[in-house]
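For reference, the structure is listed below as structure tokens.
The analysis underlying the following values was restricted to heavy atoms, covering all of them including side chains, and did not include hydrogens, waters or symmetry mates.
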Amino acid sequence: MNKLIDLSHTIEEGMITYKGLPAPLICDYLSREASKQHYQQGTSFLISSIELCSNTGTYLDSPFHRYAEGKDLSELELQALADLPAIKVVIEDNVTAIDKRYFTGLDLQDKAVLVQTLWCRHFNSEQYFEGHPYLTADAAVYLRDNGVKLVGIDSYNIDDVSIDTRPVHSTLLGADILIIEHMCNLDALPNSGFQFFAVPVKMKNVGTFPVRAFAQVKDTSC
């Protein structure tokens, strides 16, 4: 038997995922009450209107996010997004700069690598935006050179935002390695032996979009 573990934040109107970017606006395009005039008695529908920055909630970065010639969301193959063999790398609470030694010696080839920092406990608070854990440039190069398929993190950004370069985004997305930021619930996962899924909408000329990220793990309670 398998069980599914949700690794995504819930998107709500007004919440801020990334400081300086707009919060989502959610309203009725056609309310249930207004829809009643179009249908027989007892039948109603809701059609919502959503104004959403692509970097909202738990989201996936495609190469097009960083590179104009890179693959956009519509060009990503499902094999790169779903049923990926995955491992989890646990980072200690006092670590901010996550360098390559945390990945050395691990079987990374063709894996989704999920980095657990537990920074997600600060999500939706001011503390979330300051002093977050991130990967270093040498970690990104090591992951690329060892054949990873996707890298996820439960932190504010996979890069150090205190500087104006983004070496991790540049290295990974330049090698068609997808990135997922703002994950959560990674502590509910084993360190290995699970499958990972994170599929965004199939949209042209967009590089980033929210996903419902989740893992499929073996249920050992039976």
Side-chain angles (χ1 to χ4, degrees), residues 1-66 68 70-84 86 112 114 119-129 150 152-157 178-189 194-217 219:
M1 295 291 293
N2 295 319
K3 62 179 179 179
L4 303 179
I5 298 177
D6 195 340
L7 306 174
S8 304
H9 289 289
T10 300
I11 295 176
E12 301 177 276
E13 179 168 296
M15 81 175 203
I16 298 295
T17 300
Y18 200 92
K19 201 166 189 178
L21 297 180
L25 300 174
I26 304 170
C27 62
D28 294 347
Y29 177 79
L30 180 68
S31 69
R32 295 191 187 279
E33 188 61 33
S35 76
K36 290 178 181 178
Q37 63 181 303
H38 302 292
Y39 305 102
Q40 67 179 5
Q41 187 173 1
T43 302
S44 65
F45 294 95
L46 171 67
I47 299 177
S48 298
S49 177
I50 303 168
E51 185 176 326
L52 182 73
C53 176
S54 61
N55 293 53
T56 299
T58 302
Y59 55 77
L60 177 141
D61 291 340
S62 73
F64 189 68
H65 177 54
R66 172 64 180 83
K71 293 179 181 177
D72 66 20
L73 297 178
S74 71
E75 296 171 307
L76 300 179
E77 297 182 354
L78 286 173
Q79 291 88 338
L81 303 166
D83 203 24
L84 295 172
L114 307 184
W119 195 254
C120 58
R121 67 187 181 273
H122 303 303
F123 189 77
N124 220 11
S125 75
E126 281 296 318
Q127 188 172 351
Y128 189 66
F129 309 128
L150 177 151
I153 191 168
D154 59 352
S155 181
Y156 180 57
N157 198 302
L178 305 179
I179 295 171
I180 299 182
E181 294 166 314
H182 311 282
M183 302 185 74
C184 62
N185 297 335
L186 295 183
D187 54 326
L189 297 177
F194 62 95
Q195 304 297 116
F196 181 68
F197 303 73
V199 183
V201 297
K202 190 176 181 180
M203 189 177 297
K204 288 193 70 65
N205 297 320
V206 176
T208 298
F209 207 77
V211 292
R212 185 73 177 266
F214 65 93
Q216 178 179 275
V217 303
D219 189 347

All heavy atoms of Pro24 vs all of Met15, minimum pair found to be CD-O, 3.2 Å
- Message: If we ignore hydrogens and angles and just use 3.5 Å, is the side chain of Asp28 paired with the main-chain N or O of Leu30 as donor and acceptor?
- Response: no
Review point. Hey, does Leu60 have a side-chain heavy atom less than 4.5 Å from the side chain of Ile179?
Key: no
*asked:* So Leu186 and Ile153, do their side chains get closer than 4.5 Å, heavy atoms only?
replied: no
Does atom OH of Tyr29 have more than 12 heavy-atom neighbours, drawn from other residues, nucleotides or ligands, at distances under 6.0 Å? no
| message | Is the shortest side-chain heavy-atom distance between Thr58 and Asp154 below 4.5 Å? | response | no
All heavy atoms of His122 vs all of Tyr128, minimum pair found to be O-CB, 3.1 Å
Rounded to the nearest 0.5 angstrom, the CZ-CG distance for Phe214 and Leu7 is 9.0 Å
Tightest non-hydrogen contact, residues Ser8 and Ala213, listed as OG-N, 2.6 Å
For residues 202-217, the side chain to side chain donor-acceptor pair (under 3.5 Å) pairs (sequence neighbours left out) are Asp6-Arg212, Asp61-Thr208, His65-Thr208
*Check: Ser35 side chain, Phe45 main-chain N or O, donor-acceptor pair, under 3.5 Å*: yes
| task | State, yes or no, whether a side-chain contact exists between Leu76 and Leu81 at a heavy-atom distance under 4.5 Å. | result | yes
Asn185 meets the side-chain hydrogen bond (donor to acceptor under 3.5 Å, both in side chains) criterion, sequence neighbours left out, with none
dist Lys36:NZ -> Thr43:OG1 (nearest 0.5 Å) comes out at 10.5 Å
Answer whether the closest heavy-atom distance between the side chains of Leu21 and Ile16 falls below 4.5 Å. no
CG (Asn157) and NE2 (His182) are apart, to the nearest 0.5 Å, by 6.5 Å
Can you find a heavy atom in the side chain of Phe64 that is under 4.5 Å from one in the side chain of Val206? no
Heavy-atom closest pair (Leu84 atom, Ala80 atom, distance to 0.1 Å) is CD1-O, 3.4 Å
- Flag the pair Phe123 / Tyr156 as yes when their ring centroid distance falls below 6.0 Å, and as no otherwise. no
The side-chain hydrogen bond (donor to acceptor under 3.5 Å, both in side chains) partners of His9 (sequence neighbours excluded) come to none
Interatomic distance, CD1@Ile11 vs CD1@Ile26, rounded to 0.5 Å, equals 7.5 Å
> Is the shortest heavy-atom distance from the side chain of Ile5 to the side chain of Leu189 under 4.5 Å?
Replying inline: yes
Glu77 meets the side-chain hydrogen bond (donor to acceptor under 3.5 Å, both in side chains) criterion, sequence neighbours left out, with none
Heavy atoms of Met203 and Leu73 approach each other most closely as O-CB, 3.4 Å
Asp187 meets the side-chain hydrogen bond (donor to acceptor under 3.5 Å, both in side chains) criterion, sequence neighbours left out, with none
What one should report as the nearest heavy-atom pair of Ala86 and Phe196 is CB-CB, 3.9 Å
Between the CD atom in Glu13 and the SG atom in Cys27, the distance rounded to the nearest 0.5 Å is 7.5 Å
Which atom pairs, donor and acceptor, lie under 3.5 Å between side-chain atoms of residues 46-56 and protein residues at least two apart or in another chain?
unit_1: Asn55; atom_1: ND2; unit_2: Tyr59; atom_2: OH; d: 3.4
unit_1: Thr56; atom_1: OG1; unit_2: Cys53; atom_2: O; d: 2.6

**Prompt:** Would a line drawn from the ring center of Tyr18 to the ring center of Phe129 be shorter than 6.0 Å?
**Reply:** no
